[in-house]
Amino acid sequence: MSLLQEERNIILNNEHVDNFDFAEVEDFVKNASKDLFISYNFKTKNKMLVQPRGGFPTYDKMFALYDFFDKADVDVLPCTIDSNTRLNDYATAKKMLRLSEENEVDMLNGYPLVTHGYRTSRKMMTHFNKPISLRHGTPDARLLIETAIASGIFEIEGGPITYLLPYSKNFPLDKAFLYWKYVERVCAEYSKLNEPINRESFGPLTATLVPPCITIVIQLLEMLLSLEEGVKSFSVSFSQTGSMNQDIVMGAVIRKLARHYSEEIGVTDADIHLVYHQWMGAFPMDQNYASQLINMSTVIASMVGANKIITKTKQEASGIPTKEANAETVANTQYLLRILNGLPKLKDEQEEEILTAEVMAIMEAVFNDPADTLWRKVFNSIKNGTIDVPFSPHIINNNEMITVRDRNKNIRIIKRGKVPIPHRCFEYEKNQCDLNKDTTSIVNDIIHDIGIMQ
């Protein structure tokens with residue numbers, strides 16, 4: 001028995017999981033409809049796929065949500081997991097699910113997939129014959145991913161960095177790397193049976209003044225860690241930054257460097273996709289403004305040539321969006337995409353050159369770490385500050401990098417901490433900003449920026 005199989009047996013013997021039938025699951029994946037695989041949809045649908053967010057605790061409400069989305073022209077269905085399952089607290093998830101079912105009140109903020117089990121969930125996940133995206137924020141997602149694939153979910157979001165640094169304070173980073181290594185291997189193994197299981201990284205990170213070079217470096221590293229384990233379909237992603245020009249530049253650079261670095265490690269047969277998130281920061285209370293913000297992000301997604309867009313709603317500032325609000329956004333996004341064909345390509349050569357140099361300098365520093373494996377090199381690079389995510393709550397993150405917006409709303413680095421930004425690039429970044437202000441004014445600008453679109 002292989003080490004992977006031994007580990008799988010231990011994980012799937014969890015007391016909160018039904019008996020797992022590996023042979024039956026393999027047979028299911030082997031014969032599953034290709035339409036359930038987002039990797040197949042990427043290849044065959046000549047359009048940008050549109051995906052909303054959403055998840056309810058009970059089976060009936062989740063089924064009703066999917067039924068509503070199916071009729072609303074959604075390309076990819078979401079499966080947002082509840083926060084107890086995200087923290088591997090299956091006992092509490094089970095209790096809250098029972099309370100939700102008995103009282104018809106949502107006691108969980110998502111679908112407790114592990115608690116429902118794969119045999120029950122599969123009936124729903126395969127009913128609509130559309131790809132489903134698993135969205136969860138879990139540093140240890142091993143059991144969740146096994147259950148998801150067995151249920152018919154073949155698109156897995158997250159990664160050891162992007163699902164840890166923005167969400168967790170104390171969870172050990174080295175454990176997250178090893179747990180996600182398991183996830184990648186499972187995805188790679190099941191990918192041999194049918195179309196590839198797609199892995200998608202979470203580009204928005206803290207969604208607060210994250211400079212493009214940090215976003216891209218983390219996307220590239222999670223991609224490489226995934227490809228290294230045999231994954232053949234991967235999506236890099238980022239979210240609307242608040243600067244159209246910076247988004248267009250970021251889209252061009254991340255595409256170029258994703259292909260460059262995958263070839264650097266000898267992987268030339270993997271499909272790399274680009275996912276764009278509509279605005280992830282604080283939304284304006286005025287729903288008319290919120291709608292304009294969403295529409296603008298759809299235009300940008302079209303300009304960067306994204307393969308998928310993940311939508312927001314005009315209700316974001318006032319609570320949990322309704323399914324009707326989600327459906328309205330999907331309809332508007334689909335309409336905009338249909339009329340945006342033929343947009344001219346915009347290019348900012350100077351910004352692309354600066355951003356490319358920054359990313360490649362950080363990547364070189366990561367690769368030059370003396371550790372013997374890539375995940376250890378990345379772990380060391382986060383620990384020593386080579387990679388620094390602004391506003392991360394995690395104790396291992398350096399939090400020495402400081403960023404502000406310039407007069408054109410571009411995110412600029414004014415203090416690089418230990419991140420090896422080349423000197424000429426750093427001077428360029430600072431020269432775009434008004435740094436003659438006193439420290440208090442700069443801090444106030446940063447605080448104000450958290451509500452930039454309000």
Side-chain angles (χ1 to χ4, degrees), residues 201 203-224 236-264 272 274 276-277 300-301 303-306 344-368 381-382 385-391 398 400-437 442 445-446 449 452:
S201 185
L205 292 165
T206 58
T208 307
L209 284 174
V210 181
C213 63
I214 293 295
T215 298
I216 294 177
V217 163
I218 291 174
Q219 289 299 294
L220 296 177
L221 291 172
E222 287 202 342
M223 178 194 74
L224 295 179
V236 292
S237 77
F238 68 99
S239 61
Q240 185 177 6
T241 62
S243 160
M244 176 183 276
N245 190 59
Q246 203 158 41
D247 286 356
I248 291 170
V249 169
M250 188 159 20
V253 173
I254 198 170
R255 273 186 185 283
K256 174 178 64 179
L257 294 184
R259 183 52 60 192
H260 169 79
Y261 284 105
S262 62
E263 291 175 355
E264 282 278 298
I272 310 296
L274 177 61
Y276 186 77
H277 291 252
I300 296 170
M303 296 182 79
V304 301
K345 294 286 184 187
L346 297 183
K347 190 175 178 67
D348 187 326
E349 292 184 359
Q350 184 179 25
E351 289 284 343
E352 278 192 30
E353 191 274 327
I354 292 289
L355 181 55
T356 301
E358 291 176 350
V359 172
M360 296 190 82
I362 302 171
M363 292 293 284
E364 184 179 3
V366 174
F367 290 143
N368 284 339
S381 298
I382 294 172
T386 299
I387 298 170
D388 195 346
V389 179
F391 300 101
N398 268 240
E400 292 181 17
M401 173 176 275
I402 296 177
T403 48
V404 298
R405 288 188 189 274
D406 66 19
R407 58 184 174 277
N408 294 320
K409 304 299 182 187
N410 298 298
I411 299 170
R412 300 295 185 189
I413 299 166
I414 59 170
K415 185 179 175 188
R416 55 185 165 180
K418 299 182 183 70
V419 181
I421 304 290
H423 182 69
R424 68 178 179 86
C425 300
F426 186 45
E427 291 303 310
Y428 175 84
E429 296 259 356
K430 289 192 296 181
N431 287 339
Q432 310 308 309
C433 306
D434 178 8
L435 298 180
N436 294 319
K437 296 179 178 178
I442 292 176
D445 286 347
I446 294 171
D449 188 82
I452 178 178

How many angstroms lie between [atom1] in [X] and [atom2] in [Y], if you round to the nearest 0.5 Å?
X	Y	atom1	atom2	result
Asp449	Arg405	CG	CZ	4.0 Å
Asn245	Met250	CG	CE	11.0 Å
Lys437	Ile442	NZ	CD1	7.5 Å
Met303	Leu346	CE	CG	4.0 Å
Ile254	Leu220	CD1	CG	6.0 Å
Gln350	Tyr428	CD	OH	4.0 Å

Show the numbers, then the answer: is there a side chain to side chain contact (heavy atoms under 4.5 Å, CB included) between Tyr261 and Glu264?
CA-CA 5 Å; Tyr261 284 105; Glu264 282 278 298; 4.2 Å; yes

Checking the side chain of [X] only, and the main-chain atoms of [Y] only, is there a donor and an acceptor separated by less than 3.5 Å?
X	Y	answer
Asp247	Thr241	yes
Asp388	Glu400	yes
Ser262	Arg259	yes
Glu352	Lys347	no
Ser237	Gly203	yes
Ser201	Val236	no
Asn408	Asn410	no

Show me the side-chain donor-acceptor pairs of residues 205-216 shorter than 3.5 Å, one per line, residues at least two apart or across chains.
unit_1: Thr206; atom_1: OG1; unit_2: Pro390; atom_2: O; d: 3.0
unit_1: Thr208; atom_1: OG1; unit_2: Thr206; atom_2: O; d: 3.1

Nearest heavy-atom pair of Ala301 and Tyr276: which atoms, and what distance?
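Closest approach of Ala301 to Tyr276: CB-CD2, 3.6 Å.
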
Check Pro422 against Ala357 and note the closest heavy-atom contact, atom names and distance.
CG-O, 4.0 Å

Hey, does Ile411 have a side-chain heavy atom less than 4.5 Å from the side chain of Ser243?
no

Answer whether the closest heavy-atom distance between the side chains of His260 and Thr356 falls below 4.5 Å.
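They are not in side-chain contact.
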
Would one find more than 12 heavy atoms of other residues, nucleotides or ligands at under 6.0 Å from atom NZ of Lys256?
yes

Which is it for Asp434 and Arg407 under the side chain to side chain contact (heavy atoms under 4.5 Å, CB included) test, yes or no, and what are the steps along the way?
CA-CA 8 Å; Asp434 178 8; Arg407 58 184 174 277; over 6 Å; no

Kindly determine whether Val419 and Ile413 satisfy side chain to side chain contact (heavy atoms under 4.5 Å, CB included), including the steps that lead there.
CA-CA 10 Å; Val419 181; Ile413 299 166; over 6 Å; no

Begin with the C-alpha distance, continue with both residues' side-chain angles, and end with the deciding distance and a verdict on side chain to side chain contact (heavy atoms under 4.5 Å, CB included) for Glu429 and Ile414.
CA-CA 7 Å; Glu429 296 259 356; Ile414 59 170; over 6 Å; no

Under a 4.0 Å threshold between the charged nitrogen and the carboxylate oxygen, would Glu427 count as salt-bridged to Arg424?
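Looking at Arg424 and Glu427, the cut-off is not met.
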
